[in-house]
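Presented below is the structure to which this report refers.
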Amino acid sequence: MGRIAPDILEEIKDRIDIVQLISQYLPLKRAGRNFKALCPFHTEKTPSFTVSPEKQFFHCFGCGASGDIFQFLMRMENVTFPEALERLAEQAGVEIPRGRGEDSGEERNRLYHLHREAADYFHEVLISSSGKKAREVAMSRGLDSSAIEAFRLGYAPDSWDRLREVLKSKGFTTAEMLSVGLLGEREGGGEPYVKFRHRLMIPIWDSRGRVVAFGGRALEPEQEPKYLNSPEHLLFKKGDILYPYHVARKAVRDMGYVLLVEGYMDAITCHLHGFSNAIAALGTALTPSQARKVVRLSKEVVLAYDGDEAGRKAALRAASVFFQVGVVPRVVLLPSGEDPDSLLRSRGREAFASLISGAGDVVLWYMAELETRYSLSHPRERARWLKEVLGFLAPLRGSLDLESYLVEVASKTGVTLEGLKMEIYGRGKGRARSASHAPRGSWEVLYLALALSNPRWWKIFKGEVLEDPLVLSLWEKVKGEDDPSIALAMLDDSERSLLVGKVMEIPEEGVEELFASCHRRAERRALEREARRLKMSMEGVSGEEKGRLLARYIEIMKSIKGAGEEGVYETH
Ligand SMILES: [Zn+2]
């Protein structure tokens, strides 16, 4: 199989939900956290075909058919992996480079081209004499000529037909312009009219830096709406876009965290003040797909939102979406009525930087904030505080962070840790039970199986420590593959079924914790091996060299001790 960039597979998996995909073929019925149906791959009377929205796997407990969206399509449509990839990429609106899927990409390519031409046109007008007023307004908002260049800002002149004629002369049709919302249909027919008029235009880029939409900011105080944005269309799904992702990506690597802000104007101002790690989610609420994209850049996330009630709510909502992808962000709420854009322009970089550096853990912040509303010394208010905090923490079920927060909650309320866990996990569904439900077999099988269920885990999986012969033979087949979906495709049906079946048996709330536990175990084994190696090399040397090896040996033994015991999921 040829090399396929792993982020393309990840992007496809982010966009296509396995439940939706399979629903196109079978009627799925909800069963607890999963969905069930009669298996399409063998004959049965009671449904054993199971789909997990959380794990994004399907598995038939009857015939063993299993896998992710790619395997489902391969079996259902009887196509090869590259064919399945091509079809799902098209459905997801993800372009595959190297000439794959050229025919289906034609329409998309034209629309990318159309946006590029429109952006160039707006930009030319802004820097020409007719863009004077727009440039003045931009300047008053801190957008000087270098900002205009860096963000390819433009001006849509006050004309009902100019853009249409310009794009027509470049060979685009009014139908294409209508389809991406640059034109609007006239009531009673006639030539469609240009929608963006007398506005400062901000081209919106996708994660690869292609223009896929526009934001248009009003230039006059009485102009409505203040912001006019492209509607969703073939290239533009609001819930997928983070602006400007491709620019921030590099900065995040240097700065070590992502600064998430509310609007694209905030993001631009942050960049102009040196916070090039800033990105904004387009659309009203952060989506899980956006959160996964953010976390792929860095697990250190700082939310910088407006301190008013709407901003506070948005920050809490965003935090809870991050919880679902296993990350606890930090949060800083700006003084009420201020956003990063206004704050940076009025108080400058230093003031903003000091606010950011004071960003606190969102859970601790929320607990403290609720304490200003409810008094913990009054039983009834304490109960309400507890209810809100536990509700907030619930999406963290199964993560390693949850326990430390519960310890904090216990100390504040006097409720026992066990009692809190019972509340969070529900009666009889606590950790003890998930442990006893953990599938039997070598922990290495689980470790490999779990790594195949999550690209993030796949990247850190330590295959070199494996010892179990079965697991080693599976690992031999898949190592070197960049994406777990490709790895799954390299296995034969029964091998894949064994691994996916294992993952499907684990209660969702235990998955994150279980992987972490396996991974710690693998790390510990790697350390133990190195310690043994060092011990052997120490035997043949003396003097300074021996001292150096000994120091390293002691260091390793310390970290092995620090890693602690791994008793929860024992080998059977
Ligand atoms: Zn089946």
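Source: prediction; values computed, not measured. All ligand and atom numbering here is 1-based and tracks the order in the structure.
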> What pairs meet the side-chain hydrogen bond (donor to acceptor under 3.5 Å, both in side chains) rule with one or both residues in residues 451-465, with sequence neighbours excluded?
Replying inline: Glu10-Lys459
> How would you list, by chain and number, every residue that makes a salt bridge (Lys or Arg N to Asp or Glu O under 4.0 Å) with Glu476, sequence neighbours excluded?
Replying inline: Lys479
> Which class fits the ring pair His233 and His115: parallel under 30°, tilted 30 to 60°, perpendicular over 60°?
Replying inline: parallel
>> Taking the ring of Phe515 and the ring of Tyr447, is the distance between their centroids below 6.0 Å?
In response: yes
> Which protein N, O or S atoms lie under 2.8 Å from the Zn ion (ligand 1), given by chain and residue number?
Replying inline: Cys39 SG, His42 ND1, Cys60 SG, Cys63 SG
> For Phe41, is the NZ or CZ atom of Arg75 found under 6.0 angstrom from the centre of its six-membered ring and inside 45 degrees of the ring axis?
Replying inline: yes
> Could you give all pairs that pass the side-chain hydrogen bond (donor to acceptor under 3.5 Å, both in side chains) test and reach residues 35-44, with sequence neighbours left out?
Replying inline: His42-Glu44, Glu44-Ser48
